[in-house]
Asks: 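A single structure is presented below for examination.
Side chains included, hydrogens not; waters and symmetry mates left out as well; all remaining heavy atoms used.
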Amino acid sequence: MTELLAGLNPQQQEAVTTGDGPVLVLAGPGSGKTRVLTHRVAYLIREVGVYPGSVMAVTFTNKAANEMRSRVESLLESRLTGVQLGTFHAICARLLRRESQHTPYTADFLIYDRDDQLAVIKQAMAEAEVNSSKMRPGRVLGAISAAKNELITPEKFSAPTYFGEVVKRVYPRYQEILVANNALDFDDLLMQMVFLLQNNDEVRERYQRYYEYLLVDEFQDTNMAQYQLVLLLSKPQNNVFAVGDEDQGIYAFRGADYRNVMHFRRDFPDAKVILLEQNYRSTQVVLDVARAVISKNTQRTPKALFTERGGGVRVTLYEAYDEREEGTFIVERIEDLRREHGYDYKDFAVMYRTNAQSRAIEDACVAMNLPYRLVGGVGFYKRREIKDLLAYLRLINNANDTVSFTRIVNVPKRGIGKKSIADFRKWVAKNNFTQELALSVIAEGGEFPLSGKAARSMTEFTKNIFAWRKQADDGDLTLLLDDIVARTGFNLYLHDISDSENQTIERSENVRELRGLLKEYEGETLGEFLAEIALVADVDEIDDNDDKVTLLTLHSAKGLEFPVVFISGVEDGLLPHIRSFDDSEGMAEERRLMYVGVTRAMDELYLSYTFRRAMYNATGGPNEPSRFLEDIPAHLTKDIPPMLAQKQNQRAFADEISWETDWDAPRLGQRMRDDAHAATPKPEPKPTLFKSNQRVYHGIFGEGIVIESKRVDDDDEEVVVSFAEGGIKRLMASFAKLTILDG
DNA sequence: CCCAAGAATGTTTTT
DNA sequence: CATTCTTGGG
Ligand SMILES: Nc1ncnc2c1ncn2[C@@H]1O[C@H](COP(=O)(O)OP(=O)(O)OP(=O)(O)O)[C@@H](O)[C@H]1O
């Protein structure tokens with residue numbers, strides 16, 4: 001008992017030990033919400049004597065689930081078995097397999113990732129005679145996914161637009177193909193589980209009785225389907241323990257709704273609400289910055305949050321010319337901090353809004369030889385060679401998987417082209433075969449409509465598939481992989497698809513890594529292996545033991561913490577992202593995203609932005625520092641870089657005069673704002689020689705871009721230039737010998 | 001059916 | 001720019 005509650009403050013202890021009934025823990029970042037949930041699981045088992053099997057604990061990532069498992073095990077000093085622990089998706093997959101006889105699927109169903117889904121969508125669009133070049137498959141898929149998150153079936157789907165009509169035609173076909181392939185997409189995992197519980201009284205009652213205790217972390221990022229699951233599973237005991245923070249809801253784009261926290265209070269009116277107010281993660285400075293940012297959101301209930309880590313290092317704001325300079329700054333600072341304060345590489349995280357930004361940071365790391373790990377992006381499972389081999393494994397596991405079949409029937413090239421595949425498809429449809437039956441007919445030498453090389457290849461291919469299936473049943477998965485690689489000439493193929501010897505080697509190494517992974521699954525079936533890797537998320541792959549700097553999106557950073565955090569690209573248009581500008585809910589979410597990023601920091605926080613950021617090939621910009629930066633009071637930051645200072649001045653002045661700036665006279669407001677920068681405002685100032693965005697050359701600093709120029713007196717002006725190499729400088733025109741390169 | 005060259009197209013965030 | 005798709009000659 002003592003250790004279970006040691007290391008918990010009184011509010012946390014209350015949350016852990018509260019008796020039966022609904023509980024809602026509402027608290028800010030770093031207040032120990034996850035810790036409380038973990039301790040409560042241990043407490044229920046050890047002190048209350050609850051049977052572990054009757055506990056279901058939902059985490060946001062598989063990684064969090066693993067951590068929770070090992071934390072609970074060390075609290076209990078024994079292995080934890082029986083507890084249903086995992087993400088909503090993982091838990092639903094497990095339960096659906098167990099109850100597959102009550103679903104349209106068999107227990108070895110596949111889980112389709114986005115690429116698989118797109119392949120199905122394209123097929124469905126073709127069959128529904130929708131021109132896929134006019135309607136982007138991704139958009140249609142997005143609409144279907146959104147519908148599924150709201151538990152809207154193909155029959156119930158309707159939308160009053162032309163696009164909606166198209167979706168309405170594609171959705172039923174999409175769903176049919178999935179079922180025929182014995183496959184579920186991510187959204188199906190939740191939706192089908194809800195339907196199973198809603199429609200099957202026996203199953204529902206059995207699970208309601210079985211799972212007496214339900215605990216859910218990160219409740220603010222549940223979607224409607226997940227919320228329904230909570231409602232369904234919590235009955236009749238209503239022993240639900242939900243933990244969350246409305247200010248950290250950042251997944252609205254995939255259907256999550258932070259208002260579920262409110263819905264919880266509505267649906268469980270007798271819920272005991274517990275607030276945790278002490279933050280154990282961050283310094284006061286970090287919390288103050290976070291509060292300054294989030295408090296601008298209107299629709300929120302402010303929460304108290306204090307830390308005993310008073311003071312702290314002020315936040316560093318850094319203005320870089322471009323993303324290269326930003327990367328260099330970050331990497332150099334990491335090395336400095338490591339040397340001067342004894343941090344390890346793994347104590348640092350570099351965060352960004354979009355994955356594309358990781359490139360510049362990576363380049364800087366490579367240039368400085370700094371070990372890093374990239375979370376997300378083109379991860380291991382998204383590599384072409386791995387996807388190909390997994391398609392083999394999936395087809396072997398389930399010969400009805402048309403998506404995998406289509407992917408690899410001619411990979412490596414074996415002379416079965418588009419036409420042959422189409423003919424095969426037609427033949428299958430005409431005879432009302434399943435794909436599996438069709439393949440076995442071919443393997444056994446039956447009639448089928450291909451000829452020549454294509455026919456011979458197809459026969460060999462199908463024979464192989466069935467031979468491999470036998471091998472898979474024997475259990476040695478590494479041997480199976482070796483055989484696939486050998487018989488398909490996969491290594492030659494790797495060479496063919498690579499543009500360099502290095503790339504070939506890299507791909508071969510990936511194949512070896514896959515082999516190693518299969519070895520770890522020794523003793524499990526092929527189906528089990530495929531099931532587990534299908535739900536591996538990017539953050540799940542973080543190995544806390546290797547000493548590397550972590551590069552990740554703000555979204556993936558949720559729930560994590562690092563001693564030193566860099567948030568890069570804190571620019572208007574990126575954070576907040578331009579796609580959210582016209583939508584106040586979207587802007588509020590961008591702010592929450594910034595809030596989540598800031599509150600990951602334990603000791604030190606760096607916020608950087610650039611003047612120019614390359615996109616595609618073109619140099620973008622000029623960028624403005626993020627409006628969120630303007631909300632941070634000066635006493636929390638070190639120096640305020642020039643562009644931000646300028647923006648703040650502008651805003652301060654604009655605010656002052658706004659009462660007299662009416663829409664009919666925008667020019668007046670503009671003029672007055674410009675004048676505000678002049679040392680001595682003159683009625684008719686001569687136009688400046690240098691103008692914003694001009695490219696200029698300086699003998700020492702090299703090439704640069706004029707940010708602004710203001711007249712000091714009749715024949716001199718002060719020019720602020722951002723140099724590619726030398727950063728931002730303030731120069732007197734009479735003195736500096738600047739050459740204008742273009743106008 | 002295959003391949004190479006050129007065109008097109010795309011960047012928000014993800015289980 | 002960098003990956004994916006289209007096109008046309010072998
Ligand atoms: N009572 C406590 N004493 C010491 N450390 C604590 C205590 N409670 C929590 N912590 C530590 O504070 C940090 C944050 O805890 P935790 O991750 O559980 O917070 P959280 O509320 O889930 O955060 P977030 O909402 O940001 O994900 C962890 O390092 C945890 O070990």
Side-chain angles (χ1 to χ4, degrees), chain A residues 58-65 86-93 111-115 117-118 122 132-133 136-139 141-142 145 148-149 184-191 218 221-223 225-226 249-256 351-360 375-379 381-382 384 410-423 450-455 457 496-497 499 534-540 552-558 569 573-581 583 586 589-590 592-594 596-597 613-620:
Chain A
V58 186
T59 59
F60 195 69
T61 63
N62 295 299
K63 182 177 191 283
T87 62
F88 273 110
H89 289 89
I91 289 173
C92 288
I111 297 167
Y112 275 179
D113 66 15
R114 193 183 156 83
D115 284 352
Q117 292 181 59
L118 278 172
K122 282 179 192 156
S132 66
S133 59
R136 276 215 284 303
R139 274 195 68 203
L141 180 58
S145 172
K148 287 186 171 186
N149 282 323
L184 290 89
D185 63 22
F186 291 125
D187 309 310
D188 274 333
L189 291 171
L190 307 172
M191 184 172 79
E218 307 280 12
D221 274 317
T222 51
N223 64 25
Q226 294 171 155
I250 54 175
Y251 280 95
F253 70 90
R254 65 175 205 212
M351 301 175 188
Y352 34 78
R353 176 69 232 266
T354 68
N355 282 304
Q357 290 167 252
S358 72
R359 187 57 176 271
V375 178
V378 185
Y381 293 106
K382 294 190 197 109
R384 177 170 172 184
N410 199 33
V411 169
K413 296 260 181 309
R414 48 173 75 89
I416 303 172
K418 258 206 179 96
K419 178 87 176 17
S420 303
I421 296 173
D423 288 349
L450 303 191
S451 58
K453 184 163 188 280
S457 293
D496 288 344
I497 62 169
D499 346 293
L535 292 175
V536 172
D538 297 328
V539 275
D540 298 337
L552 77 182
T553 61
L554 290 161
H555 282 91
S556 340
K558 184 160 89 143
L574 209 47
L575 182 64
H577 197 274
I578 191 161
R579 299 271 279 253
S580 305
F581 275 7
D583 164 26
E589 181 147 321
E590 297 288 317
R592 293 195 290 269
L593 203 45
M594 172 97 177
V596 166
R613 184 176 295 278
M615 267 202 151
Y616 311 130
N617 59 354
T619 53

Asks: Does OP1 or OP2 of B:dC2 have a side-chain N or O of A:N410 closer than 4.0 Å?
Replies: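 Yes, because at least one side-chain N or O of A:N410 sits under 4.0 Å from OP1 or OP2 of B:dC2.
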
Asks: Under 4.0 Å between a side-chain N/O of A:S420 and OP1 or OP2 of B:dC1, yes or no?
Replies: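 For B:dC1, OP1/OP2 do have a side-chain N/O of A:S420 under 4.0 Å.
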
Asks: Using atom CZ of A:F253 as one end and atom C1' of B:dT11 as the other, report the distance to the nearest whole Å.
Replies: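 Value for this atom pair: 14 Å.
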
Asks: Let me know the distance between CD1 of A:I91 and C1' of B:dT15, rounded to the nearest Å.
Replies: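 After rounding, the reported distance stands at 13 Å.
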
Asks: May I ask you to verify whether the side chain of A:R579 and the base of B:dT12 hold a donor-acceptor pair under 3.5 Å?
Replies: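 Under the 3.5 Å cut-off, the side chain and the base do not form any donor-acceptor pair.
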
Asks: Give every pair of a protein N or O atom and an N or O atom of nucleotides 3-9 of chain B that lie under 3.5 Å apart, one pair per line with the distance.
Replies:
none

Asks: Around atom CD1 of A:I578, are there more than 12 heavy atoms of other residues, nucleotides or ligands at under 6.0 Å?
Replies: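 12 or below, so no.
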
Asks: B:dT12 phosphate, OP1 or OP2: any side-chain N/O from A:T553 under 4.0 angstrom?
Replies: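 For B:dT12, neither OP1 nor OP2 has a side-chain N or O of A:T553 closer than 4.0 Å.
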
Asks: Send over the distance from A:K419 NZ to B:dC1 P, rounded to a whole Å.
Replies: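 Distance check: A:K419 NZ to B:dC1 P gives 7 Å.
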
Asks: When you match A:R353 and A:L190 each to their closest nucleotide on DNA chain B, which lands nearer the 5' end?
Replies: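 Closer to the 5' end of DNA chain B: A:R353.
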
Asks: Go through the structure and list residues passing salt bridge (Lys or Arg N to Asp or Glu O under 4.0 Å) with A:D540, not counting sequence neighbours.
Replies: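 Testing A:D540 for salt bridge (Lys or Arg N to Asp or Glu O under 4.0 Å), a comparison that skips the adjacent residues, returns none.
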
Asks: List for me each residue that meets salt bridge (Lys or Arg N to Asp or Glu O under 4.0 Å) alongside A:D187, sequence neighbours excluded, and say none if there are none.
Replies: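 None.
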
Asks: Distance criterion of 3.5 Å, no angle test: do you see the side chain of A:H577 paired donor-to-acceptor with the base of B:dT12?
Replies: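 When only heavy-atom distances are counted, A:H577 does not reach the base of B:dT12 through any donor-acceptor pair under 3.5 Å.
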
Asks: Within the pair A:R359 and C:dA2, is there a side-chain N or O less than 4.0 Å away from OP1 or OP2?
Replies: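 Affirmative; the distance criterion is met.
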
Asks: What string of B, S and - do you get for nucleotides 5-10 of chain C 5' to 3' if you count protein non-hydrogen atoms under 4.0 Å?
Replies: S-----

Asks: More 5' along DNA chain B: A:T61 or A:Q357, using each one's nearest nucleotide?
Replies: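 So the residue in question is A:Q357.
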
Asks: What integer distance in Å separates A:D540:CG from B:dT14:C1'?
Replies: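 Checked: the CG to C1' distance equals 12 Å.
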
Asks: Send over the distance from A:Y352 OH to B:dT13 C1', rounded to a whole Å.
Replies: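 After rounding, the gap between these two atoms is 12 Å.
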
Asks: So, OP1 or OP2 of B:dT13: does either fall under 4.0 Å of a side-chain N or O from A:N355?
Replies: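 Yes, because at least one side-chain N or O of A:N355 sits under 4.0 Å from OP1 or OP2 of B:dT13.
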
Asks: Going by side-chain hydrogen bond (donor to acceptor under 3.5 Å, both in side chains), name the residues that satisfy it together with A:D221, two or more places apart in sequence or in a different chain.
Replies: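 With neighbours one apart ignored, the set is A:K558.
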
Asks: Nearest 0.5 Å, please: how far is CZ in A:F60 from CZ in A:F88?
Replies: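 The CZ atom of A:F88 sits 10.5 Å away from the CZ atom of A:F60.
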
Asks: Could you state the atom-to-atom distance from OH of A:Y251 to P of B:dT12 in whole Å?
Replies: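 The distance from OH of A:Y251 to P of B:dT12 comes to 16 Å, rounded to the nearest Å.
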
Asks: Show me, pair by pair, the donor-acceptor contacts under 3.5 angstrom made by side chains of residues 411-420 of chain A, not counting sequence neighbours?
Replies:
from	atom 1	to	atom 2	distance (Å)
A:R414	NH1	A:I408	O	2.9
A:R414	NH1	A:V409	O	2.5
A:R414	NH2	A:Y392	OH	2.7
A:K419	NZ	A:D423	OD2	3.2

Asks: Taking atom C1' of B:dT15 as reference, at what distance in whole Å does atom CD of A:Q226 sit?
Replies: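 Rounded to the whole Å, the gap is 8 Å.
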
Asks: Rounding to a whole Å, what distance do you find between A:E218:CD and B:dT13:C1'?
Replies: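 It is 16 Å, rounded to the nearest whole Å.
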
